[in-house]
Amino acid sequence: MSFVRTYTRPRVFAAAVLGSLVVGALLGVVARQTEAGWLTDLLDQIGSIFTTLLQIAVIPLVFTAIVVGINSLRGLGGGRTAARLGGKTVLWFAITSFIASLIGIAVGRIFDPGSGGLGGVEATAKNADKAAKSVSSWGSWDAFVKGLLPENFFKAFADGETLQVLFLALVIGAAAYSLGDRAKPFVDFTTSVFEIIQRYLGWIVRLAPLGIIGLIGAAVSNYGDALFRPLFSTTLAVYVGCLLVLFVVYPILLQFVAKVSPLKFFAKAGTAIQFAFASQSSAATLPLTRQSAVNLGVQPAYAAFATPLGSATKMDGCAAVFPAIAAIFVANLAGVSLNFWQYAGIVVVAVVGALATAGTTGWLTAFTLTTSFIGLDAKQVAIGLALIYSVNPIMDMMRTATNVAGQITVPLIVARGEGLLDDDVLNAPTDNPEHSDDGTTARQAEPAHA
């Protein structure tokens, strides 16, 4: 199902997002300059409500999407076909993460964020406390491995443990796939729940511009110059690194591996990427991500499998570009020169640790895993993290947009290699007049067949 109606068509949605960014920033400046606490609180409340509305759907969306996605592979062949598709998808996830991490390191070395130490920038007590807690909670591989297995089914959902829910979805989805028709009632029920969640998120998409005003306005009002002066080089480095991946790496792979025009890609995937920028959540963007892949010609059955998996494990912005730059930032704050093996460690975490980035705290997990893996001092990591919290809303927009673009790019690459890319759909006009009321073309709405 597509949520890209008239309001959320690429051009209209892009204009709404850009306008909201400007309005939010201006309101934030007004609130800060006039010390209007009520306006800051209002902006913060608007942003929090929008974020909460998205978070409500994340856990059930991850579970249902992956269960439905795994079982949708039945239409593409037997178990071997499913395993091959899954293997190629994960392999390309790793390849693009490897490239993105190298770009993150290169950009980090060029911008050299944090060089010269703190330079008068001090973390707030609130952020420092939050950072110290985060480092102790997220910063070890042991904690990651232990956190993978839930104590029980319901606790994983109640506690919002995205990684555990992902694990359960993979196991239960595979079990349902193996049972065939005997599990059909369960799969049908899960599919219905998935469709309901997608419709809910379709409504939330319309609130994105309002949410952006609140998120940006509150950030500017609370932190002011901290967004643009002391931490400017770090924020700029993250944007440059992500933009290189988004507009150089992906287009090269699309043009020469997937045989897909980058212009066509951005025309049809633009709304998903823009909503990712606005929402700062790959999981919340999943329905748009999935539909974008289908609109670009990916077989719906394979898109239903690859995009949910990617929304939890394919994060080139959060888990590759960002932790590389952030690790260099922390090292510079501490006056430490990273050696070759530490840089290699950053790449290793980006490639094999992507699974740990599941959920909305992906950037935090990736950051703490990377810095602990390469042996940076925990106190300096906490200070660096406290500073990053100040600019995180700004960084997270670009990181998430990059994540989602990668989550659409990889299925296109794999689909082309497997003969699952429909060039007629790919080359169809972006605004197809044959769209139904909900924006789905009749051809795309048809069930997948082998």
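The structure displayed is predicted, hence computed values, not measured ones. We use all heavy atoms of the structure for the numbers below, so side chains are in, but hydrogens, waters and symmetry mates are not.
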Legend entry - For Ala304 against Arg290, the heavy-atom pair lying closest together: CB-NH2, 3.4 Å
Inset, instruction - Please report the shortest heavy-atom distance between Ile70 and Ala169, naming the atom on each side. - result: CD1-O, 4.1 Å
Inset, instruction - Might you point out which heavy atoms bring Ala269 and Leu296 nearest each other, and give the distance in Å? - result: CB-CD1, 4.4 Å
Inset, instruction - Mind running side-chain contact (heavy atoms from CB on, under 4.5 Å) on Phe266 and Leu246 for me, showing each step along the way? - result: CA-CA 10 Å; Phe266 286 109; Leu246 182 57; 4.0 Å; yes
Inset, instruction - Apply the test side-chain contact (heavy atoms from CB on, under 4.5 Å) to residues Phe322 and Thr402: give CA-CA distance (whole Å), side-chain angles for both, the deciding distance (0.1 Å), then the verdict. - result: CA-CA 11 Å; Phe322 167 72; Thr402 306; over 6 Å; no
Legend entry - More than 12 heavy atoms from other groups under 6.0 Å of CZ on Phe189: no
Legend entry - Minimum side-chain heavy-atom gap Leu309-Val90 below 4.5 Å: yes
Legend entry - Stepwise side-chain contact (heavy atoms from CB on, under 4.5 Å) check, Asn295 with Val425: CA-CA 6 Å; Asn295 289 347; Val425 175; 5.6 Å; no
Inset, instruction - Compute the centroid of each ring, for Phe63 and then for Phe157, and state whether the two points are separated by less than 6.0 Å. - result: yes
Inset, instruction - Not counting sequence neighbours, which residues clear salt bridge (charged side-chain N to carboxylate O under 4.0 Å, His left out) with Arg84? List them please. - result: Glu418
Inset, instruction - Enter the distance from Ile105:CD1 to Ile325:CD1 here, rounded to the nearest 0.5 Å. - result: 10.0 Å
Legend entry - Val260 side chain reached by Leu421 side chain, heavy atoms, under 4.5 Å: yes
Inset, instruction - Check whether any side-chain heavy atom of Phe277 sits under 4.5 Å from a side-chain heavy atom of Ile212, and report yes or no. - result: no
Inset, instruction - Answer whether the closest heavy-atom distance between the side chains of Gln255 and Phe265 falls below 4.5 Å. - result: no
Inset, instruction - Look at the side chain of Asp423 and the backbone N and O of Leu426, then say whether any donor-acceptor pair between them is shorter than 3.5 Å. - result: no
Legend entry - Ser20 side chain to Pro209 backbone, donor-acceptor under 3.5 Å: yes
Legend entry - Sidechain-backbone polar pair: Lys314 side chain, Ala306 backbone, donor-acceptor under 3.5 Å: no
Legend entry - Between CG on residue Leu210 and CD1 on residue Ile46, distance to nearest 0.5 Å: 5.0 Å
Legend entry - Stepwise side chain to side chain donor-acceptor pair (under 3.5 Å) check, Thr89 with Tyr302: CA-CA 10 Å; Thr89 303; Tyr302 172 59; 2.6 Å; yes
Inset, instruction - Output the distance between atom CZ (Phe186) and atom CD1 (Ile172), rounded to the nearest 0.5 Å. - result: 6.0 Å
Legend entry - Contact check, side chains of Tyr343 and Ile328, non-hydrogen atoms, under 4.5 Å: yes
Inset, instruction - Compare every heavy atom of Asp396 with every heavy atom of Arg399, then report the nearest pair and how far apart it is. - result: NH2-OD1, 2.8 Å
Legend entry - Gap separating the CG atom of Leu91 from the OG1 atom of Thr96, nearest 0.5 angstrom: 9.5 Å
Inset, instruction - Carefully, step by step, assess Phe50 and Ile204 under the rule side-chain contact (heavy atoms from CB on, under 4.5 Å). - result: CA-CA 8 Å; Phe50 176 66; Ile204 303 305; 3.9 Å; yes
Legend entry - pair Val330-Phe367: side-chain heavy atoms closer than 4.5 Å: yes
Legend entry - Ala293 to Ala303 - nearest heavy-atom pair and separation: CB-CB, 4.2 Å
Inset, instruction - For residues Thr190 and Asn71, determine if any side-chain heavy atom of one lies less than 4.5 Å from a side-chain heavy atom of the other. - result: no
Inset, instruction - Kindly give the heavy-atom pair with the smallest separation between Ala284 and Pro287, and that separation in Å. - result: O-CD, 3.6 Å
Legend entry - Asp316 side, atom CG; Tyr250 side, atom OH - distance, nearest 0.5 Å: 3.5 Å
Legend entry - Validation row: Ile346, Pro323 side chains within 4.5 angstrom (heavy atoms): no
Legend entry - Pairs involving residues 166-184, ordered by first then second residue, that meet salt bridge (charged side-chain N to carboxylate O under 4.0 Å, His left out) (sequence neighbours left out): Lys184-Asp188
Inset, instruction - Measure the OG1-CD distance between Thr307 and Gln291 for me, rounded to the nearest 0.5 Å. - result: 10.0 Å
